[in-house]
Amino acid sequence: MGSFKIIAIFFLVLLLFPSIQPKCGASASAEEAVALLKWKASFQSQINSNLTSWNLQSINAKNSSSLPCTWAGISCINGSVNRLNLSNWNIKGSLHDFPFSSLPNLEYLDLSLNQIFGSIPKQIGSLSKLIYLDFWVNELSQEIPPEICNLRNLTHLALASNQLSGPIPSGIGELHYLVELYLDNNYLTGSIPASFGDLNRLAELRLFQNHLSGPIPSAIGNLFSLRFLYLNHNNLIGAIPKSLGNLTNLIELLLFDNQLSGSVPKELGNLKFLTSVAMNQNQLNGSIPASIGNLSNLRMLFLRDNQFSGTIPQELGNLNKLVALELDHNKFFGPLPELPCQSGMLQNITVSENMLTGPIPRSLKNCSSLIRARFEGNRFRGNLSEMFGIYPFLDFIDLSNNEFYGELSSNWGKCKPLKTLLVAENNITGGIPPEIGNLTQLHTLNLSLNSLSGKIPRAVGELASMLKLDLHDNQLTGNIPQVMGVSLEFLDLSTNSLSGTLPENLGGMKHLFHMNLSNNILSQRIPLQIGELTQLSELDLSQNFFTGEIPSEFQSLQSLGTLDLSQNNLSGLIPKALAELPGLLHINLSFNNLEGPIPSGRAFGYLTLEEVKGNKGLCGNITGFRACESSPPIKKHVKYKRKELALKIVLPLLGSFILLGAFFGAFRLHDQRKTNSRAEDMEVKKGDLFAICAYDGNALYNKIVRSTEEFSEIFCIGKGSYGSVYKAQLSIGDVVAVKRLQNMPNVAKDKSFLNEIRALTEIKHRNIVKLFGFCSNARHSILVYEYLERGSLAKILSMEEEAKELDWQKRLKIIKGVAHALSYMHHDCSPAVVHRDISSNNILLDPDYEPHVSDFGTSKFLKKDSSNWSSLAGTYGYIAPEFAYTMKVNEKCDVYSFGVLTMEIIKGKHPGDLTANLMSSNHEDVELKDLVDRRLRYPNQETQKILISIFKLARECLHADPQCRPTMLFISRFLASY
């Protein structure tokens, strides 16, 4: 309809102005105007106010030739369009209707910073006069058409930051006038065409962030005008061509993050204008050529993460403009040469993880410009107090794992901006300088594995910004400072000679997740305030002299994963509350004076003899441990008198026999009932009950069966393709969700399945539903999960009022939480865990609307360097399309499902066919108003920007090529910024 209207207007123009004939310039202008309006009509969004000037209302008989030359973004020569600049106009549309053939005089075309999608039409080759072409930052896809090589007058070609794929056209070398070529940030594959060598006017070549492979063509050495060469972040192999030494005008050479091998050509020393060289993250070897010292303008030299060896050439000392030097993670040996710092420019030096020896060069002692320095993991030696001075800008320094000796200088306290000071694993003696307490911005201090003595300065303990304090394995004495930094997250004071008691106000460290005070001489009771450390994940108080009972306040440590109280003088009973900690995975109470029964519960599900031995008063059902007695043994003392007393006892005995008869009758009835109960247990055992659980397996199973009345529909709270979910009340305040699996015969004998379930019970993340265990017998196979009362996201979205409660902030919180959970599963679990059934049905919400990923019933573990093959599993509408025909399981299946889920959360319902449209290279874009849940108030401008950004991210997750989908780690970090 829009096209018909424009054509009608065009004919109307010809009727109104008959003097406009096809041979006239005015007619050409009118034709160009109509063609541009037709393209404009195809836009899906016309937000930019400049587009309002694109109309035919201003046409009049006197000035018909001005059309469209007066429109915004358009310039003309002789009444014909020669320049079109629509950069950053918020255009949403494609190039399908762009009037290539109607703009024969176009010389300049800039459509950058828009949302133009689809392919680049081959008709672009008809713009024979084009000099400048810029499509930078759009959403163009598919291959670069070979016809683009027909634009022989081009000097500037920018196709960067799109979604282009396939090879670079081999005819690119025919663009002899080309000065700037930007193809970076795409998905281009194949090798770099040798024809690049014909672009002898080229000054800037950007091919980084693609999937290019093969060697760097030596023909690039013919580009004598080249000033910037960016080939980083590809899959390039082979040696660095010696011919690059011919590029005498080169300013920046970036080759990092490839698979290049061989040595660095000495010819690079000819490039006198070079300011930046980055060859890090390759497989380069050999030594650094001394000729690098000739690069007098060099500011950045990055060679880290390679296989370089030999000594570092003294000639690097000639680089007096050097700002950053990174040589870490290689095989360099020998001394570090004197480095230039006289000019006050050196800010970053990183030589860690090599085999360097000798002292730190004197040139670095007074290098006041230093901001970041890393020397760790070498064999540097010397008196530490004599090697370093005062650095007014220093932010980070790591001297760990060397052979430094001497004492820590008080000068460190004068480096005011210092945030990280690491001097671990050396031979440092003396005390901790109290002046370190002046470093108000310090957040990490690691002086562990030295021979430090004396007390921990109070000022150091009170540093408000401190996040990590690690002083373990020293000879420190005295008390732990009564006041510790409220921001502390990590505290390790283990293996010292600290004495006294634990500070009672340690409860103020609300963010602490790791505390190790083991192997000291701390004494008296464990303070009750320890229960206030609710974020604590690891707590080790072993090998001290703590007395008294284990505080019941430990029950508040709901995140605890490791608890070691061994080798103390603790007494009394083990608190039952300790056994019910949901996250507890490992506990050690050995060699104390504990007594009474060992509780049964989650924390003690895998308890071994080694973890409770050395407590003479304990008893319990642990192999090699004595069982508890329900009551003291009954002792019978029957003495018979002589025969003359027989008569006196006959009557009492007769009465006793009568009573005993009644007693044994009752006992027999009780025994029969007990036998029946045992028979039930035997039936369970005969049915191969297998329990992987933090509870006692038999007890848990029986409680669940009783609580759900043999899995009655009354207690069913959900159904899925793999079974039904029931709510089971085990005790007061103790509720679990139980998934009864269907069609899983003999699962208790499937070792691989059981190993996976066992590993899954060890997963602990705030956004993952805790799996407590698995039980199976001949009748039932069940998974026992944490219960979350709000239920599934799918249920909430399906209900009008409940969905309205999920405002945009809550929905963003859910998207972020699910991303964090999947990132943890994919990148922090070893081996990685792929869920395979991410859907709104499997996202459960707690009272604070925090999401929890549930239902690992179909998940598989992925071995490194391999993928699993399995039967099709998952929920229809969320399954990655390639899984249906490859049956290949990997993390990218979850990424696709996450993309669908994200759109569902924003839209309020499953996106349906929209996902297929988005996967298509020719998809039609959608406006935000068509995507959001209309049950909510339309988002404000700030929220709109966030939602648009997340929508784009979700679309990337739906990419047809799994390898082009982002990782969950990237997604998690991206979303963390909102």
Are there over 12 heavy-atom neighbours, none belonging to [X], within less than 6.0 Å of that residue's [atom1]?
X    : atom1 : value
K813 : NZ    : yes
Y938 : OH    : yes
R299 : CZ    : no

Any ion pair linking K122 and E147 (charged N to carboxylate O, less than 4.0 Å)? no
Is it true that R152 and E174 make a salt bridge, defined as a side-chain N closer than 4.0 Å to a carboxylate O? yes
With sequence neighbours left out, what residues match [X] under side-chain contact (heavy atoms from CB on, under 4.5 Å)?
X   : result
C76 : C69, I74, V81
N88 : L113
P99 : A35, L36, W39, S102, L103
A72 : N50, S53, W89

From [X] [atom1] over to [Y] [atom2], what is the distance, rounded to the nearest 0.5 angstrom?
X    : Y    : atom1 : atom2 : result
L253 : L247 : CG    : CG    : 8.5 Å
S75  : N82  : OG    : CG    : 6.0 Å
L901 : I815 : CG    : CD1   : 7.5 Å

Heavy atoms, side chains only, cut-off 4.5 Å: are I906 and L931 in contact? yes
Quick one: list whatever passes ring pair (Phe, Tyr, Trp, His ring centres under 6.0 Å) with [X], sequence neighbours left out.
X    : value
W54  : W71
F273 : none
Y182 : H156
Y230 : none

Look at the side chain of [X] and the backbone N and O of [Y], then say whether any donor-acceptor pair between them is shorter than 3.5 Å.
X    : Y    : value
K272 : L295 : no
N348 : L325 : no
S972 : M968 : no
N210 : L183 : yes
N306 : N282 : yes
N114 : I116 : no
Q944 : P939 : yes
N234 : L236 : no
T275 : I251 : yes
N270 : L268 : no

Please assess Y896 against H959 for the test ring pair (Phe, Tyr, Trp, His ring centres under 6.0 Å), listing each intermediate value before the final yes or no. CA-CA 8 Å; Y896 179 90; H959 201 289; over 10 Å; no
Residue pair F970, L953: steps toward the side chain to side chain contact (heavy atoms under 4.5 Å, CB included) verdict: CA-CA 10 Å; F970 171 85; L953 181 67; 4.1 Å; yes
For Q163, give me all partners under side-chain hydrogen bond (donor to acceptor under 3.5 Å, both in side chains), at least two apart in sequence or on another chain. E956
Which residues share a side-chain hydrogen bond (donor to acceptor under 3.5 Å, both in side chains) with T943, sequence neighbours left out: N940
Between I91 and N138, does the side chain to side chain contact (heavy atoms under 4.5 Å, CB included) criterion hold? Intermediate values first, please. CA-CA 10 Å; I91 295 173; N138 277 284; over 6 Å; no
Please walk me through it: do L133 and I148 pass side chain to side chain contact (heavy atoms under 4.5 Å, CB included)? CA-CA 10 Å; L133 176 61; I148 210 165; 4.0 Å; yes
Would you mind writing out the side-chain donor-acceptor pairs for residues 105-112 within the sub-3.5 Å range, not counting sequence neighbours?
| unit_1 | atom_1 | unit_2 | atom_2 | d |
| --- | --- | --- | --- | --- |
| N105 | OD1 | K129 | NZ | 2.8 |
| N105 | ND2 | S80 | OG | 2.8 |
| D110 | OD1 | S112 | N | 3.0 |
| D110 | OD1 | S112 | OG | 2.7 |
| S112 | OG | S87 | OG | 2.9 |

Would you list the atom pairs, donor with acceptor, under 3.5 Å between side chains in residues 211-226 and any protein atom, with sequence neighbours excluded?
| unit_1 | atom_1 | unit_2 | atom_2 | d |
| --- | --- | --- | --- | --- |
| N222 | ND2 | A219 | O | 3.3 |
| S225 | OG | N200 | O | 3.2 |

Under a plain distance cut-off of 3.5 Å, with no hydrogens placed, do E139 and N162 share a side-chain donor-acceptor pair? no
